[in-house]
Amino acid sequence: MFERPDVGERAVLVHIEFTAHDDVEDPDEFRELVTSAGVEPVVVVTGSRKQPSPRLFVGEGKLEEIRDAIAAYEADVVLFNHALSPSQERNIERELKCRVLDRTGVILDIFAQRARTHEGKLQVELAQLEHMSTRLVRGWTHLERQKGGIGLRGPGETQLETDRRLLRERIKSIHKRLEKVRRQRNQGRRARHRADIPTVSLVGYTNAGKSTLFNRLTTSTVYAANQLFATLDPTLRRLELPDIGPVVLADTVGFIRHLPHKLVEAFRATLEETTEASLLLHVIDCHDHRRDDNIDQVEGVLAEIGADEIPVLQVFNKIDLLDGFVPRIDRNEEGIPVRVWVSAVTGDGIDILFDAVVERLAEDVVHYFVLLGPTDGKLRALLHEAGSVLSEDHRDTGESVVEVRLQNRDWLQLLSRAGMKEHEVRLDESRA
Ligand SMILES: Nc1nc2c(ncn2[C@@H]2O[C@H](COP(=O)(O)OP(=O)(O)OP(=O)(O)O)[C@@H](O)[C@H]2O)c(=O)[nH]1
């Protein structure tokens, strides 16, 4: 699991089935989400109703039950697995004399903890502020605010003390900054591509086992790099892979069923970095009856954020839950690994997963038409020596166009041996 500060909060969860609706949330998933947010679920109060009560969402009897649960379990917060209106949230708080957060608030808290890029952070802050602006001011004690805690963390925290006008200004200014960040983004991304070491990003539904796999891949293997990686971010680690060299492994926030509509943008922003990955490990709980539907949804979102061009290796996790299943690699017709069956918990198959990752990264070949002048003799010789030259056209100008195909890693190595930087190489773009 994620390492996060232990705020020691204890939560009563509330999950109600509504007979008049069919969009039922999953109570187990909610428990996982709450745990992900660093809060301890101490009890789940369940019930069923035809439809929500407009004032208190639940009935008087249920409210009494929740009040008893707060006292019995000494809970700090009540978390509803539902979207509450601001006035419902306020009314329930007043009745229970305890902090109340709805499902949107819980998810936002997770996003706030995990957003990494500048844009991601802004987008999450925006969603938090917008969510909060309708919910001011509820008189939480100063102590509670200082302590932090679910729904009180993240960049928007101090905004609780400001009035609505300031909040609106802040929202406006974030919109502006987001626009600017977006304008600069594509440019920045191109530049970063050149310098960065390859990133392998774990994506998948919440509870698929991403964090478990992340820890397994980075702590218990010979490939985990010993040297400190210049980040305090627990979701980024460096590995040294045979034949590939250094690689960054990145964990991402999990997909969530029934993501509240207004959080879709914020969620995508937390995933923004994956569009720069060299390889995606799509972690899938192979034991989950919603497996195929989950895969479709993840692929759909990846396509929407423009990450569908990135090579994907599916990791079917939790094979220990399938009887007598042994780890294996599935390959496509071209012999390329497309799926690996593993258990992150037992470690079964982790070795072949590494093999498959190395194989997929090694596939990362470049195919260029390089313009070489009289002073580029060294690079030309090295490319020939490496057997990477497919064809060569000499021009009257004394230049030649050399068609090369080789692994990106080797290409970069040859450039460095030739004393050249990648941006100094002239490519014949018309023939790329
Ligand atoms: N049986 C079994 N359980 C696993 C395996 N991998 C993970 N789990 C369990 O599945 C649950 C979720 O694992 P996580 O690693 O937290 O999942 P995640 O995808 O990171 O979830 P989020 O952090 O919510 O996105 C935990 O209870 C794990 O112990 C596995 O290989 N086998």
Side-chain angles (χ1 to χ4, degrees), residues 1-5 11 13 25-41 79 81 103 106-116 120 124 150 200-221 233-237 249-259 263 266-271 273-274 280-291 293-295 297-298 301-302 312-328 339-354:
M1 293 298 292
F2 268 71
E3 295 160 30
R4 50 177 72 84
L13 311 193
E25 310 290 4
D26 182 341
D28 292 335
E29 189 193 66
F30 191 54
R31 195 200 297 265
E32 287 289 338
L33 285 178
V34 168
T35 314
S36 266
V39 175
E40 186 192 349
L79 307 175
N81 190 17
R103 185 179 157 85
V106 171
I107 296 172
L108 272 173
D109 189 81
I110 296 172
F111 288 178
Q113 290 182 55
R114 308 231 190 141
R116 215 157 34 215
V124 173
I150 187 161
V200 176
S201 281
L202 295 168
V203 295
Y205 253 92
T206 180
N207 208 32
K210 290 182 307 302
S211 306
T212 312
L213 187 65
F214 180 80
N215 288 335
R216 174 68 71 180
L217 290 172
T218 54
T219 54
S220 60
T221 69
D233 191 332
T235 64
L236 291 177
R237 291 281 157 71
L249 192 71
D251 200 359
T252 65
V253 61
F255 282 59
I256 295 165
R257 240 170 292 280
H258 299 144
L259 188 64
L263 299 194
F267 170 66
R268 290 195 183 156
T270 65
L271 271 188
E273 264 191 351
T274 59
L280 299 180
L281 297 187
H282 179 175
V283 185
I284 295 147
D285 178 348
C286 67
H287 188 65
D288 191 333
H289 62 278
R290 291 162 300 201
R291 181 180 86 185
D293 184 46
N294 287 356
I295 294 174
Q297 291 202 32
V298 170
V301 172
L302 289 176
V312 178
L313 180 63
Q314 290 186 337
V315 181
F316 274 32
N317 187 31
K318 310 198 185 182
I319 56 166
D320 54 297
L321 300 177
L322 305 176
D323 247 358
F325 210 93
V326 289
R328 68 157 199 257
R339 187 177 306 118
V340 186
W341 300 72
V342 306
S343 167
V345 155
T346 66
D348 278 347
I350 298 302
D351 47 348
I352 61 169
L353 175 58
F354 268 115

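Hydrogens, waters and symmetry mates play no part in the numbers below; they use all other heavy atoms, side chains included. One-based numbering, in listed order, for ligands and for the atoms of each.
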What residues, two or more places apart in sequence or in another chain, satisfy side chain to side chain contact (heavy atoms under 4.5 Å, CB included) together with P41?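 Listed in chain order: L13, R31, V34, T35.
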
Does D288 have any side chain to side chain contact (heavy atoms under 4.5 Å, CB included) partners at least two apart in sequence or in another chain, and if so, which?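 Partners of D288 by the side chain to side chain contact (heavy atoms under 4.5 Å, CB included) criterion, ordered by chain and then number, come out as R257, D285, R290, N294.
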
Polar proximity ligand 1 side, [X] side, N/O cut 3.5 Å exclusive:
X    : value
T346 : no
N207 : yes
L213 : no
T206 : yes
A208 : yes
G209 : yes
K210 : yes

Should F214 be listed as contacting ligand 1, given a heavy-atom distance under 4.0 Å as the test?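 The answer is no, since F214 has no heavy atom less than 4.0 Å from ligand 1.
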
In ligand 1, which numbered atoms sit nearer than 4.0 Å to a non-hydrogen atom of [X]?
X    : result
S211 : 15 (O), 18 (P), 20 (O), 23 (O)
G254 : 25 (O)
L321 : 1 (N)
Y205 : 19 (O)

Heavy-atom contacts under 4.0 Å between V345 and ligand 1: side chain, backbone, both, or neither?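 For V345, backbone and side-chain atoms both sit under 4.0 Å from ligand 1.
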
Quick one: look at N317 and ligand 1, take heavy-atom pairs under 4.0 Å, and tell me if it's side chain, backbone, both or neither.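 The part of N317 near ligand 1 is the side chain, not the backbone.
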
Give a yes/no verdict on a cation-pi contact between R237 and F214, requiring under 6.0 Å between NZ or CZ and the six-membered ring centre and an angle within 45° of the axis.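 No, a cation-pi geometry is absent between R237 and F214.
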
I want to check something: taking the side chain as every heavy atom from C-beta on, are [X] and [Y] in contact at a cut-off of under 4.5 Å?
X    : Y    : answer
L217 : L353 : yes
I284 : R339 : no
S201 : L280 : yes

Where does the angle between the aromatic ring planes of F255 and F267 fall among parallel (under 30°), tilted (30 to 60°) and perpendicular (over 60°)?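 Judged by the thresholds at 30° and 60°, the geometry between F255 and F267 is perpendicular.
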
Using the side-chain contact (heavy atoms from CB on, under 4.5 Å) rule, take T346 and I319 through it: C-alpha gap first, then chi angles, then the decisive distance, then the call. CA-CA 9 Å; T346 66; I319 56 166; over 6 Å; no

Would you kindly say whether E29 and Y205 are connected by a side-chain donor-acceptor distance under 3.5 Å?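 There is no such pair (donor and acceptor under 3.5 Å, judged by atom type) between the side chains of E29 and Y205.
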
